[in-house]
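One structure is given below, encoded as C-alpha cells.
To find a chain, count down the sequence lines: A is the first, B the second, and so on, and within it residues start at 1.
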2 protein chains.
Amino acid sequence: MPAETRSRRSDALRNRDRLLAAAAELFAERGLEVPLDEIARTAGVSIGTLYNHFPTRDDLYNAIIPARLGALDQIVARALATDDPWDGFVAYLEGVFGLQAKDRSLNDAIARRRPASAEIAEVCSRNVDQVLKLIARAKASGDLREDFQPMDLAMLGAAISQVIHESGDWRRFLDLHLTGLRANG
Amino acid sequence: MPAETRSRRSDALRNRDRLLAAAAELFAERGLEVPLDEIARTAGVSIGTLYNHFPTRDDLYNAIIPARLGALDQIVARALATDDPWDGFVAYLEGVFGLQAKDRSLNDAIARRRPASAEIAEVCSRNVDQVLKLIARAKASGDLREDFQPMDLAMLGAAISQVIHESGDWRRFLDLHLTGLRANG
DNA sequence: GACTAATTTGAGGGTGCCCTCAAGTTATGA
DNA sequence: TCATAACTTGAGGGCACCCTCAAATTAGTC
C-alpha cells in the first residue's frame with residue numbers, strides 16, 4: 001500500500017496547525033458560531049485552504065472539541081475519588097460548569113449539544129456511566145434527593161449555560177440551586 | 001390644525017392590523033427574530049408595506065410587546081394580594097415563567113432583554129417596585145433567605161428561559177431551585 | 001367618473017456568510 | 001534544476017435577510 005507512505009507536505013501540516021490554533025482560540029472566546037472566514041483570516045490562510053483541510057464545519061469541531069472534552073474524564077474521576085458522596089457530586093458540577101465558563105465552545109457543546117456529531121456524542125456518553133454512579137452514590141448516602149433524575153442534571157446544565165452566557169455569577173446560582181431559596185429548610 | 005383631522009385610509013388601517021396580527025403570532029411561536037418578510041407574507045402584504053407602517057423592527061416590537069407585558073401587572077398584583085408572603089412570591093415566579101413558556105417573544109423580552117427599547121424597559125421597570133415589595137415581604141416573614149438579591153431573580157429568569165428553550169420541564173426545575181437538591185434540608 | 005393624495009408594490013442593491021473550483025504557487029524527490 | 005503532484009488562492013455564485021424607492025394602484029372627495 002504505497003498510498004500510506006505518501007507524506008503530507010510540510011506547508012500543509014503547518015497550515016493545518018495554524019487553522020486549528022485559530023479555531024480553538026476563536027471558539028473558546030466566542031462560541032462555535034464564529035464565521036469560517038474569520039478563522040481562516042486569523043490563521044493567515046485563505047478560505048479555500050480552510051476548506052481543503054476541513055471540508056465541513058463539523059470536521060473542524062471534531063478536531064477540536066473531543067480533545068477538550070477529555071477534561072471531563074478527569075473531572076468525573078476526581079469527583080468519584082472524593083470520599084464524601086455529596087462533596088463529590090458538587091465537585092463534579094463545579095468542575096463541569098467551570099469548564100463551560102472558561103470556554104464558550106464547551107458551553108455550546110456540553111449544554112446545548114450544538115455540534116451533535118457522533119464523535120462528540122461518544123465522548124460525552126463515555127462519561128454518562130460514571131456520572132450515573134456519582135448520582136447513585138450521593139442518593140445512597142442520603143445526601144441527594146431520591147427523585148433526582150439525569151434529566152435534572154441536563155436542565156441544570158442548560159440553565160447554568162445561560163447564566164454564564166449572561167455573565168452572571170454561576171457559582172452563586174449553583175449554590176442557590178443546591179440549597180434552595182427557602183430560608184429555614 | 002387641519003393635519004389632525006386627516007384620517008388614515010381604510011386599507012392602510014386594515015393592513016396595519018394584519019401586520020400586527022401576523023407579527024404577534026409569529027413572535028409568540030418563534031421568538032423575536034422571525035424574518036420581516038415572513039411577517040409580511042403571513043399578513044398577505046408586501047415587504048414595502050411592512051416598512052411603511054413599521055420603519056424599524058423596534059417599532060414592531062413596541063407595538064406588540066408592551067401590551068403583552070401588561071399581563072405582568074396582573075401577575076404581580078395577584079401575587080401581592082396573596083396572604084402568605086412565600087406563596088405570593090412563588091405565585092409570581094410561576095406566573096412570569098408561565099407567561100414566558102407560552103410566548104417565545106416574552107421569553108426573549110423578559111429574560112434576555114432583547115428589544116431593550118425604552119418603551120419596553122418602562123413597562124418592566126414599572127413592576128420592579130412591586131417585585132421588590134414581594135421580595136421584602138417574603139424575607140420579612142422569614143420564608144425567603146435573607147441574602148436573596150434582585151440579581152438572583154434575574155439569573156433565575158435567564159436560567160428558566162433556557163430550560164423553556166430546551167423544552168424542559170420548567171416547573172420541575174423551579175421546584176428544585178426553590179427547595180434545593182439536598183435531601184434532608 | 002375623474003382627480004389626487006395616500007398607500008402599496010416588488011425589483012433591486014447591500015451585507016454577511018457559505019462553499020467551489022480553475023488557475024496559480026510550492027514542496028519534494030528524482 | 002526540473003517535473004509533478006500537492007497545495008493554496010480568492011474571485012465568484014448562492015442564499016438569506018435587510019432596506020429603499022420609483023412606479024403602479026387605490027380610497028376618498030368633489
Given atom [atom1] of [X] and atom [atom2] of [N], what is their separation to the nearest angstrom?
X	N	atom1	atom2	answer
Leu50(A)	dC17(C)	CG	P	14 Å
Leu13(A)	dT8(D)	CG	C1'	14 Å
Leu19(B)	dT8(C)	CG	C1'	11 Å
Arg30(B)	dA16(D)	CZ	P	13 Å
Asp59(B)	dC19(D)	CG	C1'	14 Å
Arg8(A)	dG29(C)	CZ	P	14 Å
Phe54(A)	dC18(C)	CZ	C1'	17 Å
Arg18(A)	dC7(D)	CZ	P	16 Å

Applying a 4.0 Å non-hydrogen cut-off, can you work out what [X] is touching in the nucleic acid: base, sugar-phosphate, or nothing?
X	value
Thr49(B)	base
Asn52(B)	base
Ile47(B)	base

Listed nucleotide nearest any side-chain atom of [X], set [options]:
X	options	value
Arg9(A)	dC7(D), dT9(C), dT8(C)	dC7(D)
Val45(A)	dC17(C), dT9(D), dT26(C)	dT9(D)
Asp11(B)	dA27(C), dC17(C), dA27(D)	dA27(D)
Ser10(B)	dC18(C), dC18(D), dA27(D)	dA27(D)

Where is the tightest heavy-atom contact between Leu32(A) and Tyr61(A), given as atom of each residue plus distance?
-> O-OH, 2.6 Å
Taking the inter-plane angle between the rings of Phe173(B) and His177(B) on a 0 to 90° scale, is it parallel (under 30°), tilted (30 to 60°) or perpendicular (over 60°)?
-> parallel
So, do Leu181(B) and Asp152(A) sit near enough that their side-chain heavy atoms are less than 4.5 Å apart?
-> no
Option passing side chain to side chain contact (heavy atoms under 4.5 Å, CB included) with Leu69(B) (candidates Leu106(B), Asn127(B), Leu99(B)) | Leu106(B)
[X] side-chain N/O to [N] phosphate OP1/OP2 under 4.0 Å:
X	N	value
Asn15(A)	dT8(D)	yes
His53(A)	dC7(D)	no
Arg57(A)	dC18(C)	yes

Between Asp37(A) and Gly48(A), just flag the one whose closest nucleotide in DNA chain C comes earlier from the 5' side.
-> Asp37(A)
Rounded distance (nearest 0.5 Å) linking atom CD of Glu122(A) with atom CG of Asn62(A) | 11.0 Å
